[in-house]
There are 2 protein chains.
Amino acid sequence: MVDQALPKQAANISADAADDEPRCFVAKLFGKRARNREAQEERILTAAMNCFIRSGFRGASMNEICSEAGMSPGALYRYFPSKEAIIEKISATHRQQSAEILARMSQSNNIIDAITNVGLDHVRKMSMNDEGPGPRDSSARLFVEVRAESMRNESVAAICELHEGLMREELLAAFSAAKECGEIDPVTDLELAVASLAAVGEGIIMRNFPAQGVPLEALEPVFRALAVGLLRPTKSLANK
Amino acid sequence: MVDQALPKQAANISADAADDEPRCFVAKLFGKRARNREAQEERILTAAMNCFIRSGFRGASMNEICSEAGMSPGALYRYFPSKEAIIEKISATHRQQSAEILARMSQSNNIIDAITNVGLDHVRKMSMNDEGPGPRDSSARLFVEVRAESMRNESVAAICELHEGLMREELLAAFSAAKECGEIDPVTDLELAVASLAAVGEGIIMRNFPAQGVPLEALEPVFRALAVGLLRPTKSLANK
DNA sequence: TAAATGAGAGAGAACGTTCTCTCTTTTTTG
DNA sequence: CAAAAAAGAGAGAACGTTCTCTCTCATTTA
């Protein structure tokens with residue numbers, strides 16, 4: 001029960017008077033209403049995320065989420081049909097953000113740098129508060145929460161499987177390319193290397209080293225060493 | 001609601017009729033009564049573990065645990081004062097088992113072998129069912145559950161901190177010794193290596209590779225590569 | 001027979017969810 | 001364009017269920 005609610009709907013009235021009465025079904029998709037709905041969903045998701053970080057998926061109650069969002073249960077349930085739905089949505093976006101970091105991999109010159117940077121990006125992202133100023137709690141907690149939930153919740157498991165499948169594919173493609181370029185030892189089992197690197201990276205992300213005083217720069221050689229160890233690159237790459 | 005319960009108390013009656021009435025206060029500690037109490041506690045803990053693996057700490061209800069243990073709530077609460085207490089006990093023993101694996105580290109000839117074996121032992125242990133025959137679910141789930149709980153439950157966090165502190169000390173001692181023996185590069189930051197190896201190992205344990213079809217032997221070179229990468233041993237050790 | 005043990009009903013709180021009602025905004029109608 | 005109608009959004013009480021834990025009373029054990 002903080003300073004919630006704002007002037008409620010009034011906030012969206014004075015947006016801009018230029019766009020009015022689309023009156024056809026397009027309004028449903030792009031109109032003022034639709035935009036407001038999106039904003040509200042966002043509000044709920046942000047609040048839920050904070051609650052889940054604080055108390056866990058099962059531990060956080062709908063009332064807790066309602067309070068954090070400054071909303072009544074009746075209002076909240078207009079946007080999400082169940083707690084499950086919120087959990088799924090949050091799991092999905094969280095895992096998707098992870099997957100998106102991988103997309104930037106191709107920006108690096110060689111495969112070892114690429115992996116190192118992806119790892120560092122992950123740790124950086126996870127130890128930051130999610131948008132908005134002020135130091136809030138790390139989102140690495142959510143990472144653990146999602147993984148725990150995925151072990152017994154079938155739909156969350158499916159979500160994780162989806163994004164991790166994409167990540168594995170992307171990594172595998174990059175590794176294959178590097179192999180053909182002669183950057184890494186042709187003997188290396190790429191499938192295993194992908195799975196191992198994913199697991200190993202997850203371990204480091206979960207520990208949230210930056211929150212424990214280990215600076216990000218200190219992790220650079222760690223990721224590099226892991227990549228070198230698992231991929232066995234040709235000498236020229238191994239020695240930095 | 002499987003084939004639980006057994007003949008309940010009857011199980012402990014016909015143990016052996018030889019030892020009866022020690023009658024002094026020592027009986028409280030070592031007598032038939034005390035042994036029975038221990039057995040009951042064990043029964044509860046085993047049941048609770050199964051439930052927690054199946055539904056999570058928060059997800060499993062006391063009724064579920066009672067059913068699994070073949071016990072009434074009244075009986076169960078005679079042995080544990082709260083659900084919290086059961087969670088703490090299970091977290092503690094689970095983490096302790098992890099720490100105990102480390103104790104066997106000194107049996108290896110060199111530091112790389114030692115770490116590799118510790119890693120493999122962990123994975124083996126975690127992917128096995130806990131005592132008793134029949135394939136039950138992996139205890140790697142419990143690992144994730146404990147870690148998730150430790151992020152918001154202070155007493156579980158303290159338990160984890162305790163055992164992980166011991167593990168870190170033990171690892172650090174082994175690394176220092178290896179450094180002095182000239183087995184590893186004197187430049188290596190041992191503190192960071194310990195923390196990284198712990199995190200990385202945890203990641204692999206959580207993924208539970210054996211349950212996904214990756215045989216244990218395939219992980220041997222992975223652990224070896226991680227150890228080599230992070231510790232930078234002298235040449236003779238690096239090439240197996 | 002006194003103490004320990006267990007079964008099971010159930011108390012009381014908290015849970016996720018739904019219901020009813022009010023108020024505002026948008027669309028339709030005359 | 002004004003009035004009427006419909007739809008959307010929100011509040012908050014209330015619902016039925018489930019939760020953890022306790023209490024009473026019967027049974028077993030020494």
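Remember, it's a predicted structure, so these values are computed and weren't measured experimentally. Labels below follow one simple rule: chain letters A, B, ... track the order of the sequence lines, proteins then strands, and each chain is numbered from 1.
As rounded to whole Å, 11 Å separates atom C1' of D:dA9 from atom CZ of A:Arg43. Atom-to-atom, CD of A:Gln40 to P of C:dT25 comes out at 13 Å; the value is rounded to the nearest Å. If you measure from atom CZ of B:Arg37 to atom C1' of C:dG6, you get 13 Å, rounded to the nearest angstrom. D:dG10 atom C1' lies 11 Å from atom CG of A:Asn36, rounded to whole Å.
Residues forming a salt bridge (Lys or Arg N to Asp or Glu O under 4.0 Å) with A:Glu191 (at least two apart in sequence, or on another chain): none. Checked against ring-ring contact (aromatic ring centres under 6.0 Å, His included), A:Phe223 has no partners two or more places apart in sequence or in another chain. Every side-chain contact (heavy atoms from CB on, under 4.5 Å) that B:Ala211 has, sequence neighbours left out, goes to B:Asn208. For B:Arg104, the side-chain contact (heavy atoms from CB on, under 4.5 Å) partners are B:Ile101, B:Gln107, B:Asp121, not counting sequence neighbours.
Not one N or O on the side chain of B:Ser139 forms a donor-acceptor pair closer than 3.5 Å with the backbone of B:Leu142.
Taking for each of B:Arg78 and A:Arg78 the nucleotide of DNA chain C with the nearest heavy atom, the 5'-most of the two is the partner of B:Arg78.
At the phosphate of C:dG8, neither OP1 nor OP2 sits under 4.0 Å from any side-chain N or O atom of B:Ser72.
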Hey, what are the protein-to-nucleotides 13-19 of chain D N/O distances that come in under 3.5 Å?
none

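Closest to the side chain of A:Tyr79, out of D:dT22, C:dG8, D:dG10, is D:dG10. Of the candidate nucleotides C:dA7, D:dA11, C:dT5, D:dA11 has the atom nearest to the side chain of A:Ala75.
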Pairs under 3.5 angstrom only: tabulate donor-acceptor contacts from the side chains of residues 151-162 of chain A to other protein residues two or more places apart or in another chain.
residue	atom	partner	partner atom	Å
A:Arg152	NH1	A:Glu149	OE1	3.0
A:Arg152	NH2	B:Glu145	OE1	2.7
A:Arg152	NH2	B:Glu145	OE2	3.2
A:Asn153	OD1	A:Ser155	N	3.1
A:Asn153	OD1	A:Ser155	OG	2.9
A:Asn153	OD1	A:Val156	N	3.3
A:Asn153	ND2	A:Glu84	OE2	2.9
A:Asn153	ND2	A:Glu149	OE2	3.1
A:Ser155	OG	A:Glu88	OE2	2.9
A:Glu161	OE2	A:Arg168	NH2	3.0

